[in-house]
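For reference, the structure discussed in these notes is given below.
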Amino acid sequence: MWCFELLLPLLLIINDARCQWNVWVPRDISAMTNSCVVIPCTFMYPSAIRPYRGTHGIWYFGQPYPQLFPPVVFKSRTDVVHESYKGRTKLLGDLHHRNCTLLINNIGSEHSGKYYFRADLGGANMYTYPDFSELKVLDQPNIDVPEEIVSDESLELTCYAPDNCPEMTPEIQWMYIDYLPDPELSSDYLEEGNTAVLSSTLTFTPRPMHNGQLLGCRVYYPNTTLVYERLISLDIKYSPRSVWVNVSSEVMEGSSVMLHCEVDSNPPSRISWMFGEQELLWDTASNVSLSLDDVTPAQEGIYTCFGDNGYGIMNTSLYLAVNYPPREPVVNDSMTVLEGSTLALHCSTQGSPAPTLTWLKDGELVGTITADELSVLEIVEITPQGDGQYRCLAENEHGRASSSFNITVEYAPVLLEESKCTVVREGVQCVCIATGNPEPTIEFYLPDVNITINETDGRYNFYTHTDGHTSTGMIKLREKGERVDNGGPAVNVHCSFYNTYGRESVLLELQQEKKYMMAVIVGTIGGVAVIAFIIAAVRYVGHNNKKENGTPRQDVVLENPALYYSAVKKDKQNLRKKVLKTELLGSKFNSILEETTGEDGDYQSVGSLAGLERQELNYAALEFIGARPREAASGRGDDDSNYMEIKAK
C-alpha cells in the first residue's frame with residue numbers, strides 16, 4: 001500500500017507526458033464482508049484541457065455508461081448516491097492532484113462487482129475510463145491447498161486474509177491442528193494482484209489416518225466482532241478407500257439431473273460413470289459429475305461410478321428413476337360387430353409410476369379399474385345397448401391420457417310399442433316405428449286387397465323418416481272400411497320391416513283416439529245446446545212482438561193469417577238480425593270446441609258432428625198459421641202459452 005503511494009507521483013509524471021485520458025486502478029481487489037476496502041486510483045487527462053470550475057469525479061458501479069443509469073457510488077459535486085452506498089463511501093484522494101482513491105465502509109456481498117471512475121472537468125470535458133477495478137467481497141478466508149497430498153510427505157497449507165482496510169488489520173488462526181504431528185506455523189505479508197494480503201502457512205507431514213480430517217482457518221479483526229472461518233477436509237492420496245455418489249433419486253421426464261461421484265484414493269483415480277455396459281464419462285480427478293439433460297424413460301436404470309488408481313478399484317451404484325405421465329393408450333380400432341358377439345377390448349400404455357387403467361363407455365364407468373400397463377375388457381354376447389364410444393383412461397400422479405374407439409352393433413329390426421293405427425277425420429292413420437342396424441326399411445301390407453304400400457297413391461298417403469337406427473313409416477287410409485260390432489271401423493293393416501339381418505311383419509292394432517272421442521261427445525252436447533238456444537230466442541222474439549201490437553195474449557183467434565203477417569212484417573228485419581246473432585254465437589262456440597279437442601285438424605267440427613251444417617244457419621222467416629190458444633187441446637187455460645208452427649223460408 002505504501003509502495004503505491006511512493007510510485008504515484010512517478011506515474012503521474014509518465015502519464016502527463018503521454019497527455020491522454022488514462023486511469024490506473026487495481027484489476028482485482030478483495031475484502032471481508034462487513035469490513036472496509038480502499039480502491040487506489042489515479043487518472044490522467046490531456047494537458048490541453050483546463051478544468052472548468054474545478055476538477056470533479058464520479059464512481060459508478062456495474063456499468064461505465066451514464067446513459068444506462070448505473071448506480072452512483074460517489075459523486076464529488078453532490079451527496080446524491082445510490083441507496084446501497086449512502087453513508088458508506090468517501091474520497092480519500094485529491095482530484096485536483098489527479099488522485100481518485102475511494103474508501104467504502106461496511107461492505108456486503110451485494111457490493112461485489114466492477115467499479116468505474118468518471119472524470120468531470122467541466123463543460124463537455126467528461127470522460128468515463130473503461131478500465132475498472134473488480135471487488136470481491138469474501139465471507140470466509142481462502143486456504144491454499146496443494147493439488148496432491150501424498151501420505152508421509154511434507155504438506156504446506158496457506159490461509160489468506162485481505163488487508164485493504166486501513167482502519168482494521170486482520171489476524172489469522174488455524175483450527176483443529178491438535179491432532180496433527182508436529183505442526184509448524186509461519187506468517188507473511190504480500191501484495192497479490194495489487195491487493196495487500198496477510199497469509200499464514202501451516203506445515204506438517206500427513207499420514208493415511210489423517211484422510212478426511214478437518215482443518216480450519218479463522219480470520220478476525222481485533223477489538224471487533226468480525227470473525228470469518230474456513231474449513232477443509234484433507235484428502236491423502238492412497239489406493240481407493242471410498243467412492244461417494246448421489247443417493248438413488250426420482251426425476252421427472254424432461255428435467256435435468258447431475259450425478260456426482262467422489263473417490264478417496266491416492267494417486268487420483270480414473271473415475272468413470274457406467275450405465276449398464278456403456279461408459280458415459282470418465283476423468284482422472286477426485287470427483288466427476290455426470291450431467292443428464294432432458295431425461296427420457298430410456299435413461300432410467302442403474303448408474304455405477306468406478307474409481308481405479310492402479311493400486312485398487314472400487315465402485316458405487318445408484319438407481320435413477322424417471323417419472324412420466326401415461327403415454328397415449330393403444331386400443332382396438334373402431335369395429336362393427338353383430339349382436340351376440342363376444343369381444344375382448346385391449347388397452348396398453350406406459351407410465352411411471354405404473355398408471356391405473358379405466359374403461360368408460362359414453363362417459364360411464366364399465367368394467368374394473370386396473371393398476372397395470374395392460375387392461376382387457378371382455379364383453380360377452382354384446383347387445384344393441386353396447387353400441388357407442390369406448391374410451392380407455394390412463395392416470396397416474398403426473399397426468400392422464402386416453403384413447404377412444406367406436407363399436408357399432410348391427411342387429412335385426414325390432415318393432416317399437418308406439419306402432420299402432422288410430423282413427424282420424426280423413427279415415428285411419430297407421431304408424432309403424434322400428435329400430436335396427438342397418439336402419440330398417442318399412443312397408444305396409446293390406447291383406448284384404450293384397451297390396452303392399454311403399455309409395456303414395458290416391459287412397460292413402462305414405463310417409464317414411466329415418467333418425468339414426470330408428471325408421472318411422474306412416475300411412476293414412478282415406479276409407480274407414482266396414483263397421484264391426486263395437487261400432488268402429490274394421491282395419492287390417494300389416495307393418496313389414498326388414499334389414500340385412502331379418503324381416504318381420506306385424507298386424508297393427510287399432511286404437512280409438514281419445515281426443516277424437518272427446519270431440520264427438522262435446523260436439524254433440526254443444527250442438528243440442530245451440531239448437532235449444534235458437535228455439536228459445538225465436539219464442540222470445542215472437543212473444544215480444546205480440547206485446548208491442550197490443551194484442552191480448554188470451555182468446556186470440558186469427559181467422560185471416562195474412563193480416564197478422566202484414567202486422568208483424570215491420571219487425572221482420574229486426575227478427576233476422578237477432579237470428580243472425582244467434583247463428584254467430586253458435587259458430588264461435590263450435591270454434592272453441594275445435595281448438596280444445598284437436599290441434600292437427602284431423603277431427604271433424606262440433607257443428608258437423610251434431611248434425612248442424614253451417615250452410616243451414618241462415619235467418620228464418622216466421623209465419624203464424626191459425627194462432628190460437630190451446631185450451632181445448634191441453635185442458636188448461638194457460639193464457640201465456642201460445643203455440644205456432646214454424647217453417648223455414
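Side chains are part of it too, since the values below use all heavy atoms of this structure and drop only hydrogens, waters and symmetry mates. For clarity, every value in this text was computed on a predicted model and none was experimentally measured. Counting from 1, the numbers follow the sequence of the chain as shown.
When atom types are taken as modelled, the side chain of S133 and the backbone of P26 share a donor-acceptor pair closer than 3.5 angstrom. With D362 contributing its side chain and G388 its backbone, the two residues share no donor-acceptor pair below 3.5 Å. No donor-acceptor pair under 3.5 Å is formed between the side chain of D283 and the backbone N or O of A285. Although no hydrogens or angles enter the test, the distance criterion places a donor-acceptor pair under 3.5 Å between the side chain of S334 and the main chain of N406. Panel note: side chain N125, backbone D120; no donor-acceptor pair is recorded below 3.5 Å. Between the side chain of N396 and the backbone N or O of Y324 there is at least one donor-acceptor pair closer than 3.5 Å. Of the possible donor and acceptor atoms, one in the side chain of Q299 sits under 3.5 Å from a partner among the backbone N and O of T296. Remark: side-chain polar atoms of H97 are not paired, donor with acceptor, to backbone N or O of D94 under 3.5 angstrom.
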Show your working on side-chain hydrogen bond (donor to acceptor under 3.5 Å, both in side chains) between S352 and N323 and close with a plain yes or no.
CA-CA 5 Å; S352 180; N323 292 335; 3.2 Å; yes
Kindly indicate, with the supporting measurements, whether the criterion side-chain contact (heavy atoms from CB on, under 4.5 Å) is fulfilled by H260 and W244.
CA-CA 8 Å; H260 302 281; W244 179 89; 3.7 Å; yes
Step-by-step side-chain contact (heavy atoms from CB on, under 4.5 Å) determination, W273 to L259
CA-CA 9 Å; W273 275 106; L259 304 183; 3.8 Å; yes
Worked verdict on V366 versus L377 for side-chain contact (heavy atoms from CB on, under 4.5 Å):
CA-CA 9 Å; V366 293; L377 176 65; 4.0 Å; yes
I would like to know whether I177 and L202 meet side-chain contact (heavy atoms from CB on, under 4.5 Å); could you show each step before the answer?
CA-CA 9 Å; I177 62 174; L202 171 64; 3.8 Å; yes
Would S154 and T205 satisfy side-chain hydrogen bond (donor to acceptor under 3.5 Å, both in side chains), going step by step from the backbone distance to the final call?
CA-CA 4 Å; S154 180; T205 301; 4.8 Å; no
Could you please spell out the steps behind the side-chain hydrogen bond (donor to acceptor under 3.5 Å, both in side chains) verdict for T42 and R98?
CA-CA 6 Å; T42 181; R98 305 178 185 182; over 6 Å; no
Go through the steps for R118 and T128 under the test side-chain hydrogen bond (donor to acceptor under 3.5 Å, both in side chains), then give the verdict.
CA-CA 4 Å; R118 178 178 177 85; T128 301; 2.6 Å; yes
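When the options Y129, Y127, Y45 are evaluated for a side chain to side chain contact (heavy atoms under 4.5 Å, CB included) with V23, the one that passes is Y129. Each of I107, L103, I104, N164 was checked for a side chain to side chain contact (heavy atoms under 4.5 Å, CB included) with C36, and the lone residue meeting it is L103. Each of L343, N332, D387, T336 was checked for a side chain to side chain contact (heavy atoms under 4.5 Å, CB included) with I407, and the lone residue meeting it is L343. The ring pair (Phe, Tyr, Trp, His ring centres under 6.0 Å) with W59 is formed by just one residue from the set F74, Y116, F117; it is F117.
By the 4.0 Å N-to-carboxylate-O rule, E279 lies close enough to R270 to be salt-bridged with it. Between R327 and E253 a salt bridge is recorded (basic side-chain N to carboxylate O distance below 4.0 Å).
R218 forms no cation-pi arrangement with W174, by the criterion of a distance under 6.0 Å to the ring centre and an angle within 45° of the ring axis.
Looking at heavy atoms from C-beta onward, L102 lies in side-chain contact with T89 at the 4.5 angstrom threshold. Annotation: side chain of S30 is not in contact with side chain of V37 (no heavy-atom distance under 4.5 Å). You'll find the side chain of L138 stays beyond 4.5 Å of the side chain of Y160, heavy atoms only. With a 4.5 Å cut-off on side-chain heavy atoms, Y303 and L292 count as touching. Side-chain atoms of K361 and Q389, non-hydrogen and from C-beta on, never get closer than 4.5 Å to each other. Side-chain contact check for N211 versus M209: every heavy-atom pair is 4.5 Å or farther apart. Looking only at side-chain heavy atoms (C-beta outward), C305 and I271 come within less than 4.5 Å of each other. Residues V331 and L345 are not in side-chain contact: their nearest non-hydrogen atoms beyond the backbone lie 4.5 Å or more apart.
Using modelled atom types and a 3.5 Å distance limit, the side chains of Y319 and E300 yield a donor-acceptor pair. Side chain to side chain, D293 and S256 meet the donor-acceptor criterion of an N or O pair below 3.5 Å. A donor atom on one side chain and an acceptor atom on the other are not found under 3.5 Å apart for D372 and T370. No side-chain donor from either of D188 and S199 sits under 3.5 Å from a side-chain acceptor of the other.
The aromatic rings of Y221 and Y228 sit perpendicular, their planes meeting at an angle over 60°, well past the 30° parallel limit. Classified by interplanar angle (parallel below 30°, tilted 30° to 60°, perpendicular above 60°), the ring pair Y390/F405 is parallel.
Between L281 and S289, the shortest heavy-atom contact is CD2-O, 3.4 Å. Here the shortest heavy-atom pairing between M32 and P141 reads CE-N, 4.0 Å.
Close placement of the Y85 and H111 rings is indicated, their centers lying within 6.0 Å of each other. Ring centroid separation for the pair Y115 and Y60 does not come in under the 6.0 Å cut-off.
Rounded to the nearest 0.5 Å, atoms OG1 (T349) and CD (E395) are 11.5 Å apart. The OG atom of S255 lies 11.5 Å from the CD atom of E250; values are rounded to the nearest 0.5 Å. Here CD1 of I58 is found 12.0 Å from CG of L91. Values are rounded to the nearest 0.5 Å. Note: M168 CE to S35 OG = 5.0 Å, rounded to the nearest 0.5 Å. One finds the CG atom of L157 at 8.0 Å from the CG atom of D144 (value rounded to the nearest 0.5 Å). N34 contributes atom CG, which lies 5.5 Å from atom CG of N106 (distance to the nearest 0.5 angstrom).
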